[in-house]
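The first residue in the sequence is number 1, and the count goes up from there. As the structure is a prediction and not an experimental result, all values here were calculated from the model.
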Amino acid sequence: MWDFIQNELLGMRWLNTLTGTILQSCRIDTGTRMGGSIHFFLYDTIKIMILLGFLIFVISLIQSYFPPERTKNIVSRFHGPAANTAAALLGTVTPFCSCSSIPLFIGFTSAGLPLGVTFSFLISSPMVDLGSLILLMSVFGWKAAVLYVLLGLVIAVAGGMLIEALKMENQVHDFIRRAPSAQTVQYIMHFMDRIKYAWGQVVSTVKKVFLYVLIGVGIGAVIHNWIPQNFIVQLLGSANPFGVVIAVLAGIPIYADIFGTIPVAEALLAKGAQLGVVLAFMMAVTTLSLPSIIMLKKAIKPRLLGTFIAICVAGIIIAGYVFNAIQNILI
């Protein structure tokens, strides 16, 4: 039963077969580089968009029960490590990309939540979400997906606690601290209102990420069919102990969410890259994109920004090597 769920429902093997059959009926040889690239591009784009629509709808439906004001109230009930854990867990049902998480981070900071708690949320929100769990299961299997989420939560909780211990509240710009807490109007949403909200989120998110998905799938198609396997193995395989570091540094300047990075990671893994390398790359892209760092710089001072980046980079690199060490168990 699980193999059916993994291969046919999440991995959509049937779609792969159907796409190949249609291309062959159009006299496109999927065994050639060009034909294989077209096959990869069509199959992965359709698969990701189907999963994307379904996941955003479900997550947005859940998110409708946790508006920012309610999220703040929930987190404020906890103290110490429990507060960091609650913030990290609530980050799993919030926006998918780092740039979308920053306004909520600023709002929570302005509302007076402890700085470390807000950073646990900021790290967790783009790095770990329910969507990433399902998408990773569709490509890497449930063991790797669950460990990815657990390690992401550990990085978020530990990072927030470290920032709290460093007492860096003075590193937040004064206008953020003095900003009045926005009071959102609370009203009762009926079930159909939540359905409409979730559908609106699907349409809005698809419009924002569709181009990045196409770019990511295009890069994945090139890697899958045009780049020699020996090159990937030498650069990102077990022969290179610095593969994880290279992947993290390469991922930081890229702006994308998990939907755009999945096809790149899938292609790299198929070409012989280590599991920890591709998952570290995904973590770096989703958590430390250059646009999000530029946005965050407007809210916090350089010392705190540097600390945040250093914590995330160190945590992601450690997670990557953990994945590499137990790769044979996970896939």
Side-chain angles (χ1 to χ4, degrees), residues 8-16 18-19 22 37-68 90-104 124-140 145 148-149 152 189 191-222 224 251 254-267 281-283 285-287 289-292 295:
E8 300 298 334
L9 294 184
L10 298 178
M12 296 188 191
R13 183 180 294 172
W14 59 270
L15 179 62
N16 188 32
L18 177 62
T19 306
I22 292 174
S37 297
I38 296 172
H39 186 199
F40 183 97
F41 185 85
L42 291 177
Y43 162 64
D44 256 43
T45 299
I46 297 171
K47 179 184 75 172
I48 290 174
M49 295 312 296
I50 291 174
L51 288 174
L52 173 66
F54 173 75
L55 292 172
I56 292 175
F57 185 85
V58 172
I59 293 171
S60 297
L61 198 60
I62 297 172
Q63 190 181 345
S64 68
Y65 292 91
F66 296 95
L90 284 168
T92 63
V93 291
T94 50
F96 297 102
C97 71
S98 51
C99 289
S100 301
S101 305
I102 291 173
L104 288 175
S124 168
S125 181
M127 183 185 293
V128 181
D129 56 59
L130 299 178
S132 67
L133 177 62
I134 303 300
L135 281 172
L136 289 167
M137 286 171 62
S138 72
V139 177
F140 305 112
Y148 178 96
V149 171
M189 292 182 70
F191 184 71
M192 288 308 300
D193 295 326
R194 300 186 191 280
I195 293 292
K196 292 178 181 177
Y197 167 78
W199 177 248
Q201 290 294 101
V202 170
V203 174
S204 174
T205 305
V206 166
K207 288 180 179 178
K208 288 190 292 186
V209 307
F210 184 66
L211 178 61
Y212 297 109
V213 170
L214 292 182
I215 293 172
V217 175
I219 294 172
V222 171
H224 194 271
I254 301 173
Y255 175 63
D257 53 28
I258 192 166
F259 302 108
T261 57
I262 278 283
V264 178
E266 183 181 9
F281 172 77
M282 291 175 61
M283 283 184 169
V285 170
T286 55
T287 309
S289 67
L290 191 58
S292 69
M295 288 179 61

How many angstroms lie between atom CG of Asn16 and atom CZ of Phe40, to the nearest 0.5 angstrom?
-> 10.0 Å
By side chain to side chain contact (heavy atoms under 4.5 Å, CB included) - contacts of Leu15 (at least two apart) | Met12, Thr19, Tyr43, Ile46, Lys47
Shortest non-hydrogen contact from Ala267 to Gly220?
-> CB-O, 3.3 Å
Could you check if a side-chain atom of Ile219 sits within less than 4.5 angstrom of a side-chain atom of Pro263, using non-hydrogen atoms only?
-> no
Which atom of Ser138 lies closest to which atom of Leu51, heavy atoms considered = OG-CD1, 4.0 Å
Residues two or more places apart in sequence or in another chain: which of them pass ring-ring contact (aromatic ring centres under 6.0 Å, His included) with His39?
-> none
All side chain to side chain contact (heavy atoms under 4.5 Å, CB included) counterparts of Tyr197, not counting sequence neighbours = Ser60, Gln63, Ser64, Met189, Gln201
Should Met282 and Ile262 count as side-chain neighbours, where that means a heavy-atom distance under 4.5 Å?
-> yes
Who are the side chain to side chain contact (heavy atoms under 4.5 Å, CB included) partners of Thr45, not counting sequence neighbours?
-> Phe41, Met49, Leu214, Val217
Side chain to side chain contact (heavy atoms under 4.5 Å, CB included) involving Leu133 - partner list, sequence neighbours excluded | Met137, Ala145, Val146, Val149
Who pairs with Phe281 by ring-ring contact (aromatic ring centres under 6.0 Å, His included), at least two apart in sequence or on another chain?
-> none
Separation of Thr261 OG1 from Tyr212 OH (nearest 0.5 Å) | 13.0 Å
